[in-house]
Amino acid sequence: MKVLTSEQIRAADQYTIKHEPISSLDLMERASEKFVLKFMQINRENRPVRIFCGVGNNGGDGLAIGRLLKDKGWDVYLYIVGNTRKGSEDFKANLERSGLYAVLNKEIDLPKINDSDIVIDGLFGSGLSRPLDGFYREVVEFLNGHQCTKVSIDIASGLYANQAMPGDAVAFKPDFTLSFQVPKLAFFLPDCHPYVGEWCLLDIGLNQSFIQKQESNIFQSELKDISPLFPVREKFIHKNKAGRLMIAAGSKGKMGAAILCARAAFKSGVGLVNICSPKCGVDILQVTIPEAMVVDGKGANEIHSFPKTEDTILIGPGLGTKPKTIDAFEKLLKTTDKPMVIDADGLNILSKKKSLLKLVPKESILTPHPGEFKRLVGEWKNDFDRLYKLQNFCVKHEFNVVLKGAYSAVCNSTGDVHFNPTGNSGLATAGSGDVLAGIIGALLSQSLKPFDALRLGVYLHGAAGDEAGRSLESPWIQASDIVNFLPKGISSLLNRAI
Ligand SMILES: NC(=O)C1=CN([C@@H]2O[C@H](COP(=O)(O)OP(=O)(O)OC[C@H]3O[C@@H](n4cnc5c(N)ncnc54)[C@H](OP(=O)(O)O)[C@@H]3O)[C@@H](O)[C@H]2O)[C@@H](O)CC1
Ligand SMILES: Nc1ncnc2c1ncn2[C@@H]1O[C@H](COP(=O)(O)OP(=O)(O)O)[C@@H](O)[C@H]1O
Ligand SMILES: [K+]
């Protein structure tokens with residue numbers, strides 16, 4: 001699904017109005033009906049609802065939503081901030097259809113709000129053109145000071161959809177954002193989370209072919225795009241053809257990373273795994289993961305030499321960054337031009353010795369968390385800038401990179417970013433990244449294109465985490481749980497895709 005800018009969404013509104021055709025007032029009514037349906041699923045109990053409306057179309061939505069909720073028996077209070085005479089046409093039309101409302105001009109007009117009330121924010125939507133100031137700012141600060149449930153229409157007032165808020169700017173802090181049709185970029189970024197809360201999209205029937213034609217290099221991954229990427233296992237396949245992976249991982253005290261990685265690879269369809277390990281890890285690996293073969297990496301406590309191999313290479317988990325390991329990594333890079341997976345200390349080595357970046361095969365997959373990414377590319381100003389840096393880094397080096405976290409951003413070598421929707425905060429646990437690397441390595445070894453292996457791997461890792469959370473009925477997950485729930489994650493995706 002494409003992520004569009006506010007300008008593109010406005011154009012989609014206009015196109016739909018002209019070509020469906022539908023009046024803009026009726027489109028607003030449709031959007032408001034969808035909002036009310038979802039609102040009533042989230043808030044089942046009838047409570048006082050206080051709707052704060054600006055005088056643009058977001059405020060028009062607020063008025064229509066208020067009327068519809070009143071019709072359904074809710075106790076609704078409407079407040080308007082701004083000059084109603086200067087309101088948009090559809091705002092004015094809805095104002096005429098509204099019953100009682102109060103116009104707020106100064107602090108003393110602000111109503112008393114109880115914790116059991118629900119506040120709906122319809123001050124500004126995608127038409128925000130400058131930071132909130134004056135009385136708008138006061139109203140939003142006042143509302144943010146209350147503990148009650150807060151819901152934004154389309155996007156929180158004060159939050160920009162596709163650019164960073166200035167440092168001292170203020171925006172509404174909703175618990176939920178019920179947004180129209182397509183996601184906004186801000187919804188995926190950690191900096192913006194306080195101004196988004198939980199969010200969902202409401203299909204208001206904007207013209208799909210127009211949306212498809214819009215230029216955007218930002219997407220949200222969807223199951224329908226992901227499920228066709230699963231590799232097919234042929235009837236007469238042999239393990240040597242099912243994907244051969246060499247995992248170069250582990251050092252003294254960190255052999256667990258290699259184990260988690262290999263276990264995840266086996267659950268992700270790999271045919272055969274060789275693990276290159278320091279001497280201290282050989283027995284540990286042989287006992288804990290009998291399916292894998294172990295190759296001596298020469299050093300006692302860390303790897304000093306990698307074997308020359310035709311296997312797909314996954315390097316980095318628990319590897320350490322000792323000088324001899326760095327030298328060995330450099331030699332390895334000089335022996336291959338096949339895309340590889342580089343994780344964890346593999347990335348840290350690249351950060352320590354940036355000259356190695358140009359030796360990394362084109363189309364390789366890098367899997368940094370934000371700390372590792374910062375070491376690779378330096379500081380960023382905000383999350384929008386971070387995304388820009390991600391795209392530049394991928395294009396410059398022709399890499400595929402997942403910047404990990406909630407809504408992991410998966411970027412290809414031409415700078416397209418796909419935000420991953422699966423997963424939960426339980427995945428923020430030691431070893432979780434090692435599991436992800438194992439899944440991606442296994443998929444790459446099965447001849448998927450690197451970007452497809454990456455997108456599918458990230459989606460699957462999140463889906464396994466979601467299955468683990470659901471089945472264990474716990475918000476806390478152990479990395480081994482992610483491995484154990486991989487088959488369930490896989491089957492849930494395949495079954496839902498049918
Ligand atoms: N039919 C449709 O198109 C549909 C639209 N829909 C809804 O419309 C919403 C977008 O509506 P919108 O474009 O009218 O913009 P909105 O956010 O209400 O405010 C714009 C007004 O605010 C003003 N303004 C801006 N910043 C300001 C500031 N800091 N401080 C003070 N004023 C400021 C700005 O003034 P200006 O920039 O011109 O000076 C302008 O007057 C969208 O989010 C969705 O909810 C849905 O119903 C679906 C169908
Ligand atoms: N809050 C979160 N919500 C969803 N997924 C998360 C969250 N935090 C982390 N993850 C996922 O968990 C994994 C953590 O990887 P990483 O930080 O490398 O862990 P480790 O180094 O401990 O193995 C990544 O796939 C990341 O996307
Ligand atoms: K809003």
Side-chain angles (χ1 to χ4, degrees), residues 221 223 226-227 229-231 233 239 242-243 245 247 249-250 253-275 277 281 284-294 312 314 316-318 341 343-344 367 369 402 404-406 408 420-446 448 453-498:
S221 290
L223 182 57
I226 294 293
S227 55
L229 304 179
F230 272 95
R233 224 175 159 81
K239 69 179 177 207
L245 182 65
I247 298 175
K254 291 186 182 163
M255 290 315 301
I259 295 164
L260 286 167
C261 194
R263 288 189 60 212
F266 276 113
K267 291 253 193 270
S268 305
V270 77
L272 187 155
V273 172
N274 280 296
I275 308 178
S277 160
I284 300 171
L285 291 168
Q286 297 272 250
V287 171
T288 48
I289 178 124
E291 297 89 346
M293 290 178 287
V294 182
T312 298
L314 187 177
V341 182
D343 182 42
T367 58
H369 58 54
V402 54
K404 296 183 293 191
S408 289
N420 180 65
T422 58
N424 57 74
S425 57
L427 292 174
T429 182
S432 175
D434 306 325
V435 173
L436 176 67
I439 299 170
I440 296 167
L443 294 172
L444 185 64
S445 77
Q446 290 167 80
L448 263 74
L454 181 56
R455 273 197 299 163
L456 174 57
V458 171
Y459 198 99
L460 213 48
H461 177 262
D466 289 339
E467 286 295 333
R470 252 192 303 277
S471 299
L472 302 171
E473 295 181 18
S474 167
W476 302 314
I477 301 170
Q478 194 180 346
S480 302
D481 296 330
I482 311 170
V483 178
N484 295 336
F485 278 91
L486 262 170
K488 218 158 172 212
I490 293 166
S491 73
S492 79
L493 298 193
L494 290 174
N495 292 339
R496 271 197 285 145
I498 290 166

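Note: hydrogens, waters and symmetry copies are ignored here, and every other heavy atom, side chains too, is used. One-based numbering along the sequence shown.
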Nearest-0.5 Å distance, [atom1] of residue [X] to [atom2] of residue [Y]:
X: Cys261; Y: Phe266; atom1: SG; atom2: CZ; result: 11.0 Å
X: Ile490; Y: Leu456; atom1: CD1; atom2: CG; result: 8.5 Å
X: Leu314; Y: Thr367; atom1: CG; atom2: OG1; result: 7.5 Å
X: Ser445; Y: Leu443; atom1: OG; atom2: CG; result: 7.5 Å
X: Leu493; Y: Glu467; atom1: CG; atom2: CD; result: 8.0 Å
X: Leu494; Y: Phe230; atom1: CG; atom2: CZ; result: 4.5 Å

State, to 0.1 Å, how close [X] and [Y] come at their nearest heavy-atom pair, and which atoms those are.
X: Gly243; Y: Val270; answer: O-CG2, 3.4 Å
X: Val435; Y: Ala479; answer: CG2-O, 3.8 Å
X: Ser268; Y: Leu486; answer: OG-CD1, 3.9 Å
X: Gly457; Y: Ile439; answer: CA-CG2, 3.8 Å

So does [Y] get a backbone contact from the side chain of [X], meaning a donor-acceptor N/O pair under 3.5 Å?
X: Gln446; Y: Arg233; result: no
X: Asp466; Y: Gly423; result: yes
X: Ser471; Y: Ala468; result: no
X: Thr429; Y: Gln478; result: no
X: His461; Y: Ser432; result: yes
X: Arg455; Y: Leu229; result: no
X: Asn424; Y: Pro475; result: no

Is there a salt bridge (charged side-chain N to carboxylate O under 4.0 Å, His left out) between Asp343 and Lys404? Walk through the geometry before answering. CA-CA 11 Å; Asp343 182 42; Lys404 296 183 293 191; 3.5 Å; yes
